Asks: 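This is the structure I have questions about; it appears just below.
No experiment lies behind these values; they were computed from the predicted model shown. In listed order, ligands and their atoms are each counted from 1. Position 1 is the first residue of the sequence, and the numbers go up from there.
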Amino acid sequence: MQFEYHQFTYGSDNYGVLIHDKNTSETACVDAGDSKAYLAALKETGWSLTQIWITHHHLDHTHGLAKIKEETGAVVYGPSAFPGVDKTLEHSEIFLFSGAEVHVISTPGHTLDMLNFYIKSEETIFTGDTLFVMGCGRLFEGTPEQMYESLVRLMELPEQTLVYCSHEYTLVSAKFALSVDFLNKELIERHNVVVDLVSKGKPTVPTTIGKELETNPFLRFSDKNIKEHLGMLSASDVEVFTKLRELKDSF
Ligand code: ZN
Ligand code: FE
């Protein structure tokens with residue numbers, strides 16, 4: 001890997017990430033939810049921020065943007081309608097960070113403006129509030145169909161792709177996953193690993209696309225055991241996904 005990654009926590013369960021190239025001294029951050037936490041992470045690493053990548057408009061991802069931009073002079077990339085964005089991005093657009101291609105993947109569902117950032121040469125993606133460890137974002141603005149299509153886009157990435165998401169929701173997500181996919185040996189094992197990590201105060205993020213394909217019920221809508229458990233053996237993938245999302249909302 002060309003870049004170094006520094007993940008840090010803020011708010012009740014948010015993750016921020018700094019991405020740094022020591023050869024060029026360029027540094028990017030994903031989102032800007034809390035200026036104190038972001039500026040502290042920059043101070044701790046000694047890195048100077050050059051780019052800010054905004055995933056979506058929610059306050060826990062954007063509240064510190066004006067202050068961080070003012071303090072660092074970084075260029076802001078993000079969804080078109082969000083104030084403070086210098087370079088507005090669309091689906092499948094590519095921009096450069098320190099010479100590396102960052103591929104923009106639009107993943108509407110949690111919000112309509114959601115963007116994910118895929119550094120192809122690093123096989124690393126930042127999924128914001130779309131794909132979580134063993135979970136997916138709540139549908140505040142988009143339809144189940146949109147979220148389903150968004151997750152299918154992410155499922156097409158190579159299995160070894162490293163996934164950084166924006167929240168530590170893993171323990172609850174794992175418990176929900178077990179409730180619908182209890183015959184899944186990888187999931188049972190992963191639940192134990194996660195319980196152990198969380199009890200030690202350690203992060204469960206990042207994950208990989210491969211691990212999510214094995215254990216994330218929101219990517220396993222075509223799994224026969226899950227469909228059977230839901231009484232939906234003849235239902236379409238998007239119908240199963242919709243049901244899973246509904247069940248999780250009241251879990
Ligand atoms: Zn959000
Ligand atoms: Fe969030």
Asks: Output yes if His61 passes the N/O/S-under-2.8 Å test against the Zn ion (ligand 1); output no otherwise.
Replies: no
Asks: If I consider every N, O or S atom in His58, which one ends up closest to the Zn ion (ligand 1)? I only need its name.
Replies: ND1
Asks: Please work out whether the ring planes of Phe218 and Phe176 are parallel, tilted or perpendicular, with thresholds of 30° and 60°.
Replies: parallel
Asks: At the Zn ion (ligand 1), what angle lies between atom NE2 of His56 and atom OD2 of Asp129, rounded to 10 degrees?
Replies: 100°
Asks: Looking at Lys69 and Asp86, is any side-chain nitrogen of the basic one under 4.0 Å from a carboxylate oxygen of the acidic one?
Replies: yes
Asks: If you look only at pairs with a residue in residues 182-204, which of them pass as a ring pair (Phe, Tyr, Trp, His ring centres under 6.0 Å), with sequence neighbours excluded?
Replies: Phe182-His229
Asks: Tell me whether Glu214 is salt-bridged to Lys185, with the criterion being a basic N under 4.0 Å from an acidic carboxylate O.
Replies: no
Asks: State, without any angle test, whether Thr204 and Glu168 hold a side-chain donor-acceptor pair at a distance under 3.5 Å.
Replies: yes
Asks: Once rounded to 10 degrees, what value does the angle at the Fe ion (ligand 2) take between NE2 (His61) and OD2 (Asp60)?
Replies: 90°
Asks: For the Fe ion (ligand 2), what is the closest N, O or S atom on Asp129?
Replies: OD2
Asks: Does any N, O or S atom of His167, backbone or side chain, fall under 2.8 Å from the Fe ion (ligand 2)?
Replies: yes
